[in-house]
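Each remark here refers to the structure printed beneath this line.
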2 protein chains.
Amino acid sequence: MRPEFRCDCPFTSALDVLGDKWMLVIVKQMLIEGKETFKDFTESDEAIATNILSTKLKLLEELGVIMKTKRPNNKKTNLYLLTDKGLALTPLLVELAVWSDKYLRDIHPTIVNGEEMELLRSDKMAFASAIEKKYKEKLATIQYMQ
Amino acid sequence: MRPEFRCDCPFTSALDVLGDKWMLVIVKQMLIEGKETFKDFTESDEAIATNILSTKLKLLEELGVIMKTKRPNNKKTNLYLLTDKGLALTPLLVELAVWSDKYLRDIHPTIVNGEEMELLRSDKMAFASAIEKKYKEKLATIQYMQ
DNA sequence: TTTTTTACTTTTGTTTCGCAAGCAAAAATA
DNA sequence: TATTTTTGCTTGCGAAACAAAAGTAAAAAA
């Protein structure tokens with residue numbers, strides 16, 4: 001796997017890999033919404049098509065952003081879990097949300113605005129740490145093939 | 001202009017607007033590489049096609065991320081400058097570079113690795129502040145139609 | 001006055017996206 | 001045990017986005 005990088009710029013190279021409509025949305029669904037199975041993703045608000053989901057999950061796995069595994073007692077359902085490389089995208093996702101919160105409300109007034117946005121506004125690093133910690137605890141708790 | 005948002009999630013909404021191959025690359029070229037004119041962009045490492053460049057510049061302007069203006073003594077050449085909304089993308093760009101630096105080198109070894117990466121690694125917020133400050137100083141210095 | 005530069009648009013592919021349908025294996029149910 | 005449902009895909013096809021090449025028109029430079 002070599003996603004054909006445009007040049008040697010670190011900014012651009014990240015976008016060569018993540019810069020599309022779906023890659024970071026899938027990571028967000030795993031990190032924030034706890035989605036783990038193919039089914040989980042298809043039932044999302046964002047309504048991703050199954051062929052695209054399939055393609056992107058493969059890409060994310062090849063990149064090492066997610067791992068594909070199973071629960072010990074289920075041979076059918078695949079479990080998709082974030083790796084360290086995937087979890088390291090948390091600060092990036094947080095910056096996306098911070099920018100949306102500040103600058104997108106004028107053209108998209110229905111962006112969610114609940115209590116959970118308070119911590120994001122007052123201390124984005126604490127917000128990032130909290131969701132990272134939560135995900136790591138989950139990884140330590142659930143059973144899956146390693 | 002209403003870029004058809006998939007849902008009310010702040011993460012996803014940012015990606016509805018910025019999640020493609022070019023939007024953030026153009027912002028980066030302005031912020032980091034000082035590109036200001038159509039010509040400047042066409043001469044980039046990333047080699048954007050002129051039709052796409054034209055479309056994306058329009059989109060960025062409609063979004064309020066950039067402004068299109070001219071120098072007082074030149075009726076031909078357009079000047080593209082970042083607005084506050086565009087400058088506010090600095091922390092996001094910095095996170096992209098931080099992640100590339102840490103996690104993309106194994107599959108893309110020629111990513112630039114000069115002295116400027118040191119500050120990024122040791123203090124990313126200082127790095128972000130430095131480039132934001134530099135851009136603001138430039139805005140205060142150059143002449144353009146307001 | 002002619003040439004060059006700048007900022008595009010147009011044309012014509014090609015690739016990616018995305019809906020709908022289909023399918024096979026595993027799991028759940030009767 | 002047999003049948004139905006669930007899960008995780010793949011396939012086919014139309015639509016949209018992307019991209020290379022060429023063309024254009026106005027301004028600036030020579």
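Here is how names work: the chains are called A, B, and so on, in the same order as the sequence lines, proteins then strands, and each is numbered from 1. When reading the values below, keep in mind they use all heavy atoms of this one structure, side chains included, and skip hydrogens, waters and symmetry mates.
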For [X] and [N], give me the distance from atom [atom1] to atom [atom2], rounded to whole Å.
X	N	atom1	atom2	answer
A:Asp20	D:dA16	CG	P	19 Å
A:Lys21	D:dA16	NZ	P	12 Å
A:Leu53	C:dT16	CG	P	18 Å
A:Leu57	D:dC9	CG	P	7 Å
B:Lys75	C:dC8	NZ	P	17 Å
A:Ile26	C:dG18	CD1	P	11 Å
A:Arg6	D:dA19	CZ	C1'	13 Å
B:Arg71	C:dT5	CZ	C1'	14 Å

*asked:* I want to check a possible cation-pi pair here: A:Arg105 against A:Trp99, using under 6.0 Å from ring centre and within 45° of the ring axis as the test.
replied: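 Here A:Arg105 fails the 6.0 Å and 45° test against A:Trp99.
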Does [N] have OP1 or OP2 sitting under 4.0 Å from an N or O in the side chain of [X]?
X	N	value
A:Lys56	C:dC17	yes
B:Asn74	D:dA28	yes
B:Ser54	C:dC8	no
B:Trp22	D:dA19	yes
A:Lys58	D:dG8	no

*Is A:Glu61 paired with A:Lys56 through a side-chain N to carboxylate O contact shorter than 4.0 Å?*
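A:Glu61 and A:Lys56: not salt-bridged.
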*asked:* Evaluate B:Glu116 against B:Arg121 for salt bridge (Lys or Arg N to Asp or Glu O under 4.0 Å), listing each step before the verdict.
replied: CA-CA 9 Å; B:Glu116 73 279 16; B:Arg121 280 177 204 132; over 6 Å; no
_Let me spell it out: for each of A:Asn73 and A:Ile52, pick the nucleotide of DNA chain C with the closest heavy atom. Which residue's pick is nearer the 5' end?_
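This one resolves to A:Ile52.
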*So A:Lys21 and B:Asp16, salt bridge (Lys or Arg N to Asp or Glu O under 4.0 Å) or not? Walk me through it.*
CA-CA 7 Å; A:Lys21 242 183 113 166; B:Asp16 284 332; 5.5 Å; no
*asked:* Using the rule given for salt bridge (Lys or Arg N to Asp or Glu O under 4.0 Å), can you reason through B:Glu95 versus B:Lys124, listing the C-alpha separation, both sets of side-chain angles and the distance that settles it, and then say yes or no?
replied: CA-CA 8 Å; B:Glu95 293 298 344; B:Lys124 65 187 179 186; 3.0 Å; yes
*Touch class at under 4.0 angstrom, heavy-atom based, for A:Lys68 against every strand present*: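 The answer is sugar-phosphate, as A:Lys68 gets under 4.0 Å only of primed atoms, P, OP1 or OP2.
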*asked:* Between A:His108 (side chain only) and B:Cys7 (backbone N and O only), is there a donor and an acceptor less than 3.5 Å apart?
replied: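 Checking the backbone N and O of B:Cys7 against the side chain of A:His108, a donor-acceptor pair under 3.5 Å is found.
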*asked:* Under 4.0 Å, heavy atom to any atom of DNA chain C: which of residues 35-51 of chain B qualify?
replied: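 Here the set is B:Thr37, B:Phe38, B:Lys39, B:Thr50, B:Asn51.
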*When A:Asn78 is tested against each of A:Lys68, A:Lys39, A:Arg71 for side-chain contact (heavy atoms from CB on, under 4.5 Å), which residue passes?*
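When A:Lys68, A:Lys39, A:Arg71 are each tested with A:Asn78, the side-chain contact (heavy atoms from CB on, under 4.5 Å) holds only for A:Lys68.
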